[in-house]
Each structure stands twice: as structure tokens, then as C-alpha cells.
Amino acid sequence: MNDWQSFESAYPLLGQSLRFARLNNRLAHSYLVVSSNASLRNSFPLLLASLVACRQPGPDGSPCGECPICRELADGLYPDLFQLAPTSKSREIKIGADDDDPDSLRNFEAKFYLTSTTPNGWKIGIIYDCDTMNANAQNAFLKTLEEPPKNCLFILVTGRPSALLPTIRSRCQILTLTDNHCKYNLDDFSGLMEILMTLTFHAHGSLPEAEKCAASLIEMMNALYDKAEASVNEKWKSRLAESDNLESSAKKLIETRMEGETGCEYRRLREEFLSLIHTWFAQLVLLASAQDAVLPNPEIMSLWLEASPRPSIAPREAVRMLSEAEYLLRVLNTNVNDELAVRSFALSVAINVRAGV
Ligand SMILES: [Zn+2]
């Protein structure tokens with residue numbers, strides 16, 4: 001089974017309608033791919049690009065997966081593939097000062113007005129985590145979406161479509177890849193549950209304990225970027241080794257792609273880290289009112305569930321802690337200092353808590 005076939009077996013209706021569109025020359029110029037699944041957000045746009053650009057599609061319209069174009073797309077070496085992502089730790093895609101400002105919308109857009117290096121070929125632009133475009137960048141990009149240069153395909157990718165201007169959404173054909181599993185990869189966050197357990201049950205009223213929890217949470221959060229970088233490097237290791245024999249421009253393409261992926265992976269890890277903290281306290285509220293409550297993610301509470309005796313908490317306290325967690329998520333979505341926000345969260349969970357009990 002090639003990549004397209006396995007995609008279509010998971011999303012038969014969507015796969016079929018895209019193939020039909022290709023057969024009838026009715027593909028859109030811009031797609032908005034919406035999915036809560038980070039690895040789909042990473043892999044599907046390239047598959048969609050190969051559907052559009054493949055030189056030898058099957059009689060059913062599906063991309064062959066084997067022609068030079070399909071292979072170059074999969075390897076990140078297609079010369080007219082341009083990708084934009086919130087790189088490094090910055091969580092914002094900006095317009096940029098001029099065409100040469102790297103990782104900016106202006107730099108990205110300029111490439112679509114240059115002569116194609118693949119004659120008659122497609123220029124493909126993918127904006128990962130496009131919700132990180134700030135309002136100015138989104139407004140600027142609207143013009144391109146309204147009048148796209150010839151033979152250009154734009155694929156915007158997001159897990160948070162609500163953060164996009166309605167005008168952006170309405171100019172794209174929306175492809176929703178639903179994924180019902182909210183599964184956490186706890187291996188990425190070993191130690192987090194111990195910290196939350198301590199913070200919830202053993203740090204109350206103790207400033208030194210609360211500070212210790214805060215420091216551990218901050219250390220963990222700060223390590224996420226390195227973790228993202230390491231996993232992307234690992235994934236590309238062999239290809240990077242092969243690229244020693246490639247031209248420098250091809251090497252550069254791979255490096256740009258890796259940078260973009262690292263930014264996206266960092267954002268994914270950070271979101272998952274915060275979501276885990278939130279889910280811990282949300283489930284704590286359920287457990288505080290009924291010890292045998294059915295939990296959506298019991299694996300997160302295993303330390304508590306396996307403790308004997310299980311530490312107890314008053315429902316009112318659990319609710320208060322949850323609202324601290326919700327507040328933390330809210331402020332971290334604005335541009336506050338991460339460390340400050342996490343520290344103040346840990347202190348208010350621990351210190352304030354028992355005072356009123
Ligand atoms: Zn092909």
C-alpha cells in the first residue's frame with residue numbers, strides 16, 4: 001500500500017473526493033488542512049501536494065508515489081516547495097521587514113513570483129501552524145489567496161482554525177481530518193506526573209516545596225525545545241548523511257525543512273505539556289467528587305489511582321486548582337514570560353490552597 005492508499009483507507013470519502021477533483025481538473029488553489037493530530041498535520045500536506053503535482057497519476061487520479069516529483073516531495077527536495085512555519089521558540093509568523101527577512105511571510109510569498117525552476121511545474125507553498133500568523137500577516141496573505149500567482153498551490157495547516165481570520169478560512173477549501181483519540185505520549189513527559197502529584201498533595205502551605213515544584217516544571221518546559229530538535233534530527237539523520245553528496249541548494253532545502261519541523265514539534269510538545277497539566281486537574285475534580293469516577297485519560301492519574309491509601313482532596317479545592325490551571329493556559333497564550341507564569345501557577349496552587357480550608 002503506498003502512502004496515498006493508506007491515507008485513503010483512513011479517510012475514504014476525503015481521499016475519493018480529492019482524486020475526483022484531480023481527474024476533473026477541479027482542485028482548489030488553496031486548502032486549509034485542519035487536524036488535531038500533529039503527525040497528520042505534518043505528513044498530509046506533502047501527500048496533497050503530490051496529488052496535485054504528480055506526473056504519472058493512476059487512472060483513478062491518485063499520485064503514483066514513485067515518479068521523481070512524488071519522490072522529491074516526500075524527500076523534501078522538490079525545488080518549488082516552499083514551507084513556512086513558526087521556527088525556533090518564537091510562536092509567531094510575522095510579515096517581515098523585506099523579501100530577505102527569513103522565516104517571514106514576505107520572504108515566503110516572494111518565492112511565488114520568481115520564475116519556476118521546474119517549467120510548467122507547480123509551485124507549492126505550505127504554511128504549517130498557520131494560526132501563528134499574526135493579524136497583520138494574515139491580512140497581508142489574504143491578497144495572495146484572492147489572486148494567487150499562476151500554477152501555485154497553497155496549503156495552510158492548523159490545529160486551531162478558530163485563531164484564523166474568517167476571511168482566510170473562507171478563501172480556502174477546508175479539509176478536516178478528524179481524529180478522535182486524545183492520547184498522550186507520556187514517555188515525552190516522564191516525571192511530570194510526579195511533580196503534579198507533589199504539587200497537588202504534598203506542597204500545600206509549604207513555600208520551599210512549591211518553589212521546588214515550580215523549578216521542576218520550568219526546567220521541563222525549557223527542555224522541550226531541545227527535545228523537539230533531537231527528535232527531528234533523529235528523523236532526518238540518515239537523509240542528512242546522504243545529503244553530504246548533494247548540492248548545497250538541496251542541502252539547504254533539507255535544513256529549512258528541519259527547522260520548520262522543529263518549530264512545529266516544539267509547539268506540539270508545549271501544547272501537550274500544558275494540556276497534560278490541565279487534564280490532570282480536570283480529572284482531579286472528577287475524582288474529588290467520586291473516587292470511582294470514569295476518567296477519559298486514567299493513565300495520567302495512575303500515580304494517584306495506585307496510591308494506597310489514595311490521598312484525598314476536597315472538591316472545592318480541586319475546582320480551585322483547576323481554575324488556576326485554566327488561568328495558566330490562558331496567560332501562556334498571550335506573550336507573557338513562560339517562567340513567571342509557571343512559577344506563579346505553582347505557588348498559587350500550593351500556598352493559597354489550604355489557607356481557606
Ligand atoms: Zn508521482
Side-chain angles (χ1 to χ4, degrees), residues 1-33 35 37 39-85 108 111-112 114-128 148-157 172-177 235-236 238-243 245-247 249-258 260-261 264:
M1 216 188 258
N2 69 22
D3 289 350
W4 181 268
Q5 286 159 345
S6 38
F7 165 73
E8 194 164 328
S9 71
Y11 298 94
L13 285 177
L14 187 58
Q16 189 184 326
S17 71
L18 285 168
R19 277 193 292 106
F20 284 175
R22 156 99 210 217
L23 282 175
N24 297 304
N25 284 323
R26 300 186 66 87
L27 287 166
H29 289 286
S30 38
Y31 288 96
L32 175 63
V33 174
S35 177
N37 180 317
S39 67
L40 265 175
R41 288 206 299 269
N42 226 334
S43 60
F44 177 67
L46 290 163
L47 206 52
L48 181 58
S50 70
L51 175 81
V52 173
C54 172
R55 285 289 175 81
Q56 307 161 9
D60 61 357
S62 63
C64 70
E66 285 163 9
C67 71
I69 288 185
C70 284
R71 283 225 305 274
E72 281 177 351
L73 277 169
D75 290 346
L77 292 172
Y78 185 72
D80 282 330
L81 170 68
F82 306 110
Q83 305 181 85
L84 182 61
F108 172 78
K111 291 165 177 152
F112 296 91
L114 302 173
T115 317
S116 170
T117 46
T118 45
N120 309 322
W122 281 89
K123 288 194 173 190
I124 292 156
I126 304 178
I127 306 183
Y128 295 96
K150 238 181 125 214
N151 276 349
C152 289
L153 169 74
F154 290 106
I155 304 173
L156 280 64
V157 192
C172 297
Q173 184 172 332
I174 299 178
L175 306 177
T176 307
L177 308 179
K235 185 177 146 197
W236 284 83
S238 58
R239 206 163 292 158
L240 207 60
E242 286 167 24
S243 80
N245 308 319
L246 293 172
E247 289 172 44
S249 62
K251 212 168 167 177
K252 179 84 192 124
L253 277 177
I254 293 185
E255 283 166 6
T256 312
R257 171 125 180 239
M258 286 174 71
E261 271 187 30
C264 291

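Remember, it's 1-based here, ligands and their atoms both numbered in the order they're listed. Start at 1 with the first residue, then count along the sequence.
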**OP:** Using a 4.5 Å cut-off on heavy atoms from C-beta on, say whether the side chain of Lys111 contacts that of Lys123.
**Re:**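 Not touching, per the 4.5 Å side-chain cut-off.
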
Subject >> Side-chain (Arg55) to main-chain (Cys67) donor-acceptor, under 3.5 angstrom >> reply: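 Judged by distance alone, no pair lies under 3.5 Å.
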
**OP:** Taking Glu72 for its side chain and Ile69 for its backbone only, find out whether a donor-acceptor pair lies under 3.5 Å.
**Re:**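 No: the side chain of Glu72 does not pair with the backbone of Ile69.
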
**OP:** Please lay out, stage by stage, how Trp122 and Asp80 fare under the test side-chain contact (heavy atoms from CB on, under 4.5 Å).
**Re:** CA-CA 7 Å; Trp122 281 89; Asp80 282 330; over 6 Å; no

Original post:
Which residues and atoms, counting only protein N, O or S, are under 2.8 Å from the Zn ion (ligand 1)?
Top reply: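 The answer is Cys54 SG, Cys64 SG, Cys67 SG, Cys70 SG.
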
**OP:** Establish, from distance only, whether the side-chain atoms of Ser62 and Asp60 form a donor-acceptor pair under 3.5 Å.
**Re:**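 Yes.
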
**OP:** Identify, with sequence neighbours excluded, every residue that meets ring pair (Phe, Tyr, Trp, His ring centres under 6.0 Å) alongside Phe82.
**Re:**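 Here the qualifying residues are Phe112.
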
